[in-house]
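To keep things clear, I will list the structure first and then write my remarks on it.
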Amino acid sequence: MPIKISSPIYPFLLAAFYPIKFLNDNAKFFNFIDIFLIEIILLTASFCIFVFLKKIYGSSNRAAVLTFFFGLSLGGIAMTGNASLAWLFATAIIALALLRWRPPETLNVFANIFCFYLIGYLLFQLFTNQDFQKNPVAENTFAEYQSAESEFNDLNVQAAQDSKPSILHIVLDGYSGEHSLKENYHYDNSSFVRELENKGFVVLKNTHSPYNQTLPTLSAIFLGRYWDTDAHEFSGNNKTTRRRWGQLTTQGPLHSKLKDAGYSLLFTDSGYPYLKPASDAVFLKPKTGRDLINDFTYHYTLRTIVGPWLEKSLASDSISRHRNLLFNAFSHSQYRKAKKPFFLYQHVLSPHPPFIFDHEGNTTNQFSAFLTTGDGNHATGLIPEKIEQYKQGYINKLKVTNQLLLTQLEQLFQTPQEDLIIIIQGDHGGGAHLDQNSSENTCLTDRLSPFFAVYSTNASITQAFSDYKSRPYNLVNTYRIILGDIFGEHLAPLEDRSWFIPWNDLSGIHPVILSTKTYCAP
């Protein structure tokens, strides 16, 4: 039977409405594909309730009214305790009233039109929201990224060394330097640093990030230059700029040049949708696959009437998913069989949130407020109690990360030594004292002071980095040193500089000076 405008479809429209509203309210954190599971669950639940009530009342219109009220609680009204009981009582009263009242078909017409309007208006808002990433990693032609302005484009492949070193680039997202960990997190990381130094790593103690965010920092590293804030590079909306940064991190001029020089390109799965490698690169996906419940489903469900009853189960699934992703990143060994030389980019979302470990390294749900990738004030709200929880969860995860990394390196060094470069770095520091939109309220000496260590079988590269032990080093120079050596061309180091980029307004970028006193809470 065809669906007419007078058919009672508004309860199902309501079921579809609330996930879209939640996505619109949190557009900077989620993608459109994230809502599919919760939409299917809500639509299925609404349909089952409707069919059940229709059999009881013998009327589609009566069943639709009561399904609508059930949908309000299932879909979008967060209630707990006495409020939840009051809502269920009110729904029962409506159910009794429907035994005598026969809703007219005109109610269906007005309700349908109103719900269609709500969804249409929300979708319009969503797709015009500059923070909404409709598809931040869509397939396209990557020539625009590979030809981006960079001195790496001018390197002569024919001049490259005959014996080119493989490169293992490990990014530990949000990993602060040793001094910052001691000052701001009250944690002594010196034993980990000594372990690396004993393995031949050069660990720099005065390292700076060019930017306070992941994507602009990494793209600058892989371009070997700072972004030009006075040119078109910061024009456009947040969506297109972040997408460009992400693509330059995984398939820009550096990757193109390495591929031309005979390198095989490999990437582990970071869980970060912007960091998607080119289609011809080897993508080392998690062995365990992905769990069904994603971050959107977890946080949306917690805000519904059933959230309090499902919180432990949802948290357990989210923790398991993030743990699998983390352990998988350090356990891949396929690159050993890859054609050499290889370039492996291993981006690990750690010690960055989500926080899933207790102080003994066991998984826990005690950090339920930090089970998404939100960082800084997006996670803490700058509330002192939450900042302390952040620090605890951060250090717990850092300690697990240290152990996993050392185990990976032990396994790597058990094989015969070949020409090899290993980079271990934070993209920026931690976010305990970070206000994503204010440099004045941010501890810049933490956020812009990441960890950095490098290992090389090439003495000249080792020496080049060792020269920075007594002076500041900026991450933007990393591949200027390495590629300059591999391709036999001197790329002069760039001046140590840093900028703060507000999360909500990328065009508000401004330079910061780390030598001045900045806000760092005790």
Side-chain angles (χ1 to χ4, degrees), residues 165-209 221 329-331 335-336 344-348 350-352 361 394-430 445-446 448-482 484-486 493 496 514:
S166 293
I167 302 172
L168 172 55
H169 191 153
I170 302 173
V171 175
L172 305 177
D173 205 307
Y175 200 122
S176 290
E178 183 181 6
H179 178 74
S180 180
L181 287 175
K182 184 174 293 186
E183 288 289 317
N184 300 302
Y185 298 85
H186 312 296
Y187 180 72
D188 185 356
N189 203 33
S190 59
S191 61
F192 173 69
V193 171
R194 284 195 300 272
E195 288 264 16
L196 292 180
E197 290 176 334
N198 291 338
K199 295 180 185 299
F201 280 85
V202 175
V203 181
L204 302 183
K205 306 294 179 68
N206 191 10
T207 302
H208 297 146
S209 298
I221 292 171
F330 290 104
S331 63
Y335 62 85
R336 299 179 187 175
L344 170 60
Y345 182 69
Q346 180 178 317
H347 191 119
V348 187
S350 185
H352 189 287
Y394 177 91
I395 293 302
N396 291 350
K397 194 173 184 182
L398 180 141
K399 290 191 288 188
V400 172
T401 301
N402 287 354
Q403 189 55 54
L404 289 172
L405 177 58
L406 290 175
T407 300
Q408 179 185 12
L409 294 176
E410 287 288 347
Q411 295 172 348
L412 180 63
F413 287 141
Q414 285 176 1
T415 60
Q417 288 294 301
E418 302 170 341
D419 289 337
L420 179 65
I421 298 171
I422 304 175
I423 304 163
I424 303 173
Q425 65 154 97
D427 50 345
H428 49 68
T445 51
D446 176 33
L448 296 172
S449 299
F451 181 84
F452 184 87
V454 64
Y455 168 91
S456 177
T457 53
N458 185 316
S460 61
I461 291 179
T462 300
Q463 185 57 52
F465 283 103
S466 295
D467 290 343
Y468 283 94
K469 283 186 173 182
S470 59
R471 55 193 173 110
Y473 173 76
N474 197 291
L475 297 176
V476 77
N477 286 310
T478 301
Y479 281 103
R480 296 181 69 84
I481 294 173
I482 292 174
D485 189 273
I486 292 175
D496 178 31
L514 297 183

Review point. Do you know which two heavy atoms are closest between His186 and Glu183, and how far apart they sit?
Key: CE1-O, 3.9 Å
Check your understanding: Are Leu181 and Tyr394 close enough that some pair of their side-chain heavy atoms sits under 4.5 Å apart?
Key -> yes
Exercise for review: Would you please say whether a donor-acceptor pair under 3.5 Å links the side chains of Ser456 and Asn458?
Suggested key: no
Check your understanding: Below 4.5 Å, heavy atoms only, C-beta onward: do Arg471 and Asp496 meet side chain to side chain?
Key -> no
Return a table of donor-acceptor pairs under 3.5 angstrom between the side chains of residues 421-430 and protein atoms on other chains or two or more places apart.
from, atom 1, to, atom 2, distance (Å)
Gln425, OE1, His169, NE2, 3.0
Asp427, OD1, Gly174, N, 2.9
Asp427, OD2, Thr214, OG1, 2.6
His428, ND1, Arg447, NH1, 3.4
His428, NE2, Thr214, OG1, 3.1
His428, NE2, Arg447, NH2, 3.4

Review point. Tyr175 and Asn189: side-chain donor and acceptor closer than 3.5 Å?
Key: yes
Point to revise | Any donor-acceptor pair under 3.5 Å from Lys399 side chain to Gly361 backbone | key: no
Check your understanding: What residues, two or more places apart in sequence or in another chain, satisfy salt bridge (charged side-chain N to carboxylate O under 4.0 Å, His left out) together with Lys182?
Key -> none
Review point. Is the shortest heavy-atom distance from the side chain of Phe192 to the side chain of Leu406 under 4.5 Å?
Key: yes
Exercise for review: Considering non-hydrogen atoms only, spot the tightest contact between Leu168 and Leu412 and give its length.
Suggested key: CD2-CD2, 4.0 Å
Review point. Passes side-chain contact (heavy atoms from CB on, under 4.5 Å), Val348 versus Leu404? Steps please.
Key: CA-CA 11 Å; Val348 187; Leu404 289 172; over 6 Å; no
**Study point:** Shortest non-hydrogen contact from Tyr468 toward Pro493
**Key:** OH-CB, 3.2 Å
Study note, to complete from the structure: When every non-hydrogen atom of Tyr455 is compared with those of Lys199, the smallest separation belongs to CE1-O, 3.5 Å
**Study point:** Under 3.5 Å donor-acceptor, Asn198 side chain and Arg194 backbone
**Key:** yes
Exercise for review: Ignoring hydrogens and angles, state whether a donor on the side chain of Ser350 or Thr401 is under 3.5 Å from an acceptor on the partner side chain.
Suggested key: yes
